[in-house]
Amino acid sequence: MNTPVMEHGAARFPFPYQPYSIQEQFMEALYCALDEGKVGIFESPTGTGKSLSLICGSLAWLRDHEERKRREAARLLEEAGADSQHDTSQGSGSSSSVAPSSSSSSAAAEPDWITDFVQKRAERDLVSKLKEEEMKRKRREERLELIRHNAQLKYALKRKSSEDEEADGEEELIVAEYESDDEAKPKNRFCDEDDDDDLEEDHVTKIYYCSRTHSQLAQFVHEVQKSPFAGDVSLVTLGSRQNLCINEDVRRLSSVQLINDRCLEMQKNKHEKREKPVEEEPKRRRGVAKAVCPFYRQEALQSLRDEVLVKVRDIEQLVALGKEKKACPYYGGRLAIPAAQLVVLPYQTLLHEATRRASGIKLKDQVVIIDEAHNLSDTITCIHSSELTGTQVCCAHSQLSQYQERYRNRLKAKNLMYIKQILFVLDGLVRVLGGKVGQNPHTQTCQPGTELLTINDFLFRAQIDNINLFKVQRYFEKSLISRKLCGFVERYQGAGVKVSSSNKENRRTEGLAHFLQALQSGQQAQPVPTPDQTVAEEGRQTSMSSPMMQVEGFLFALTNANKDGRVVVQRQGVLAQSSVKFLLLNAAVHFAPVLRDCRAVIIAGGTMQPVSDFKDQLLLSAGVSVDRIAEFACGHVIPPENILPIVLCSGPSGQELEFTFQNRDTPQMMDEVGRILSNLCNVVPGGVVCFFPSYEYERRILAHWEASGALGRLSAKKKIFQEPRKASQVEQVLTEYSKCIQMSEGINFSDELGRCVVMVGMPYPNIKSPELQEKMAYLDKTMAHVGGRSPGKALIENLCMKAVNQSIGRAIRHRGDYACILLLDRRYSRPATLQKLPGWIRTSARVQPGFGPAFGSVRKFFLEKRQQQGGP
């Protein structure tokens, strides 16, 4: 990159406009962290231009890093040329009147045969290196096909001629002859996985930028397009097939898993069509010819890759370019990874090793920036946890049994052995759930109860401890048995093969933080799933197409170390509704490879407090030394007088506000909250957003207000909207809320949506949850107590304060915004709790024991703001 220094901003960091001082501080700290190979925790509040600071700071470092590498390479070449010239002059017998130094004297004293030997060896090494580079260059033309189809090539070469002659169209459903990792057989050089590295293009130094959702990634790319680096940086955006596929026949399929399977099948069909002689086609194809994807063509993909690297594009623009070029954006984007300087991708792709490897992502000596990382630990835990229902286990057993029976005579001995092992494991899982294989799971009863077991105890209980799950896992990966079984079920559905079914549960509701974020953004928010919702929804879709995929994920989870996970066995009285769930306790074990391989890792977010969670559970537990961790937190760009955070300890009638589980349901406490909100509605212009600890408490308090008449009195002052439990209804509620604010206030649409944010009580998680109790016990056992404090209890408070910070942290959207924040619970006044609020809120926070002074401050605050805006 040869980006010119812009007129605005520090000379070190090109910027599209004059940056705030906190942005300059942010970029300077980021540059140092990247240059020193640190693991950084960066906090910059929403509305302070965090994305642009990340872009300009990191790309300025990359520009300088590349320049240093070029200078170093030029210096080495110059030295090599000087040494070569010196050796030539010595060999020609030239003389000099200058007395030689001691070093040159010793060199001159070397026998000629030693000098010749060293020179010839250097020449041989250089020739060998040049030949190797030339070989790599020639192989690049075949790289895409060879890497992606190496397994299919291997199977095709081993397939017997008798199977080649079969015309029933089922050969793609048969797992190929399998070699275990104990067998050492000659391998074809084009199919050997060990050759993959030789076939792959070298990766340039790059930055992997990760965020949670596609919309956040698109917003980041738009910021890059507005930055001074837009014309120089090569950027590629990665996404799922569901987002990038341009084949309408594939896109219209009902689930993500079906889209993935059909895409891979069409690739394989294209490969087989190219490999088979034309004269064999009539003999082998008596039925309908297999479909191939018209957008998966090597020449078109190469052309798309070149276009992608020329100009910065988001996902929508990449899809449009793919349609124009008639080339697959999904694979064209992946093909551009090695040469790209900035790779933008969802962080689920980066955090899952198998997905990362399949995507062609290489982290060695690269930089990773994880944005919106406030729930990073929970995301890693969710990605690597797995759950199986009794219905899925029984269905997978039934499908695999029928598959084995149908193809018994055509499966090799090694395949039959592993299939029997998988069936034996499924038998064990059914036994643990209290059922029997071969019977209807919806009618089988079992003793209700919940057990929490270590991995080893679960294996003993299921009587599968004698099965080598690592070899079974390798068999799943190499044989593609889950995909074969999925194709088998799809073909014979309705012909004696039972297709999996699962009860459709309601999707979890949108988080309150997202609800407020959507209000403050001033947009008609689209429902954006949380990582938990995304993984759960994809899991349900997968279970509908192939329960064996779920089984594969669960067995893979069981290969974790015994101390790093637990298995929850839940028996619901009926086998179909019972389940086994693997719970990952140690997220650091899966984050450690990222930290180990990367040159630097930056964990960034608008609200990162409490930071201790990241340091203790993700970094220190993964082996990161304390001196490698860098922390940065900046204030907000708004003036201090534009925010009014108040901790309220008692209400208008003097009722002490402490919403513990024991007293929050009392009529006195519910009435007091109604009085507080009623008084606030008298003085707060625009919208008031009120958060409750749970949906259930919200339901109970609204029912109480309706019975007492308080709800009617509130409705007379401001129209009331309630966040729906179903995600599909959120958009409609937000739209109606926005219209109401516009009509009644008629001022600034985005600002007036949330002038006052009220947090009722402290949203502690359910401490009786078996999963949470086990997590607490794990932390107490594995982490040292600091000052006698239990890490498990600290986890509970940190989870609570994370929810609080995410809710109230978005009340301010830009420099000219203003808002009041009320924390209704005297427990917020504890110094340790106040310390876990974001710094820019904590420094302005006031603790008010009584309601009168607090209400007076709120009324004065909004009166002054109205006068500043020229209002009455």
Side-chain angles (χ1 to χ4, degrees), residues 151 155 172-183 257 261 354 386-433 435-439 441 455-456 458-492 497-500 502 539 542-543 545-560 567 569 575 578-582:
Y155 299 157
E172 73 274 8
L173 302 180
I174 311 297
V175 287
E177 183 177 356
Y178 179 72
E179 295 179 15
S180 72
D181 44 11
D182 296 333
E183 297 172 333
Q257 189 58 54
D261 289 345
S386 181
E387 185 172 11
L388 278 175
T389 66
T391 299
Q392 292 171 339
V393 176
C394 292
C395 189
H397 188 284
S398 173
Q399 292 177 3
L400 188 58
S401 297
Q402 294 176 72
Y403 179 88
Q404 176 190 234
E405 187 64 29
R406 182 175 186 88
Y407 301 120
R408 181 184 299 274
N409 296 331
R410 297 166 61 177
L411 293 171
K412 303 303 179 183
K414 189 73 70 173
N415 282 315
L416 285 172
M417 182 193 75
Y418 276 106
I419 288 175
K420 288 179 179 178
Q421 286 188 12
I422 297 171
L423 289 171
F424 182 78
V425 170
L426 293 172
D427 283 339
L429 298 181
V430 174
R431 281 195 299 270
V432 167
L433 292 174
K436 293 182 179 180
V437 170
Q439 300 181 17
I455 297 176
N456 288 344
F458 176 79
L459 296 176
F460 294 145
R461 183 73 61 86
Q463 300 176 18
I464 57 175
D465 53 292
N466 59 330
I467 300 294
N468 188 330
L469 291 180
F470 290 94
K471 285 192 173 183
V472 173
Q473 176 193 342
R474 179 176 175 82
Y475 178 73
F476 270 112
E477 292 175 351
K478 301 302 178 185
S479 69
L480 305 177
I481 181 64
S482 295
R483 297 192 184 279
K484 302 285 186 180
L485 188 60
C486 183
F488 170 73
V489 173
E490 186 179 3
R491 172 167 294 188
Y492 293 105
V497 175
K498 299 177 181 178
V499 181
S500 68
S502 59
T542 299
S543 69
S545 59
S546 175
M548 191 58 74
M549 297 282 187
Q550 297 295 98
V551 172
E552 182 178 347
F554 183 77
L555 297 184
F556 173 75
L558 292 180
T559 60
N560 280 276
V567 180
V569 181
L575 178 60
S578 302
S579 65
V580 288
K581 179 179 180 180
F582 173 81

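Here the structure is a predicted model, which is why all the values come from computation and not from measurement.
Side-chain atoms of Arg483 and Met548, non-hydrogen and from C-beta on, never get closer than 4.5 Å to each other. Between Tyr407 and Ile419, the closest side-chain pair of non-hydrogen atoms is not below 4.5 Å. In this structure, Val567 and Leu558 have side chains that are in contact, with non-hydrogen atoms separated by less than 4.5 Å. Here the side chains of Val472 and Gln421 are in contact, with some heavy-atom distance below 4.5 Å. Between Phe556 and Leu469, the closest side-chain pair of non-hydrogen atoms is not below 4.5 Å. A 4.5 Å side-chain heavy-atom check between Val580 and Leu433 finds at least one atom pair inside the cut-off.
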Check: Are Tyr475 and Asn415 close enough, and set up right, to give a side chain to side chain donor-acceptor pair (under 3.5 Å), and what steps lead you there?
Finding: CA-CA 9 Å; Tyr475 178 73; Asn415 282 315; 2.8 Å; yes

Next item on the list: Decide yes or no on side-chain contact (heavy atoms from CB on, under 4.5 Å) for Leu575 and Cys394, but give the supporting numbers first.
Entry: CA-CA 9 Å; Leu575 178 60; Cys394 292; 3.7 Å; yes

Margin query: Lys471 vs Tyr418, test: side-chain contact (heavy atoms from CB on, under 4.5 Å). Steps then yes/no.
Written below: CA-CA 9 Å; Lys471 285 192 173 183; Tyr418 276 106; 3.8 Å; yes

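Atom CE of Met549 is separated from atom OG of Ser482 by 5.5 Å, given to the nearest 0.5 angstrom. Put simply, OG on Ser398 and CG on Leu423 are 10.5 Å apart, with the number rounded to the nearest 0.5 Å. For the atom pair Phe554 CZ and Ser579 OG, the distance stands at 9.5 Å (nearest 0.5 Å). One finds the NE2 atom of His397 at 11.0 Å from the CD1 atom of Ile422 (value rounded to the nearest 0.5 Å). Separating the CD atom in Gln550 from the OG atom in Ser386 is a distance of 6.0 Å, to the nearest 0.5 Å. Atom OG in Ser479 sits 11.0 Å away from atom CZ in Arg474 (nearest 0.5 Å).
With sequence neighbours left out, the side-chain hydrogen bond (donor to acceptor under 3.5 Å, both in side chains) criterion links Gln404 to no other residue.
Under a 3.5 Å cut-off, the side chain of Gln399 and the backbone N or O of Ala396 do not form any donor-acceptor pair.
Residue Phe582 is tested with Leu388, Ile455, Leu555 for a side-chain contact (heavy atoms from CB on, under 4.5 Å); the sole match is Ile455.
Of all heavy-atom pairs between Gln463 and Asn466, the closest is O-OD1, 3.8 Å.
Counting only residues at least two apart or in different chains, salt bridge (Lys or Arg N to Asp or Glu O under 4.0 Å) contacts with residues 394-405 comprise Glu405-Arg408.
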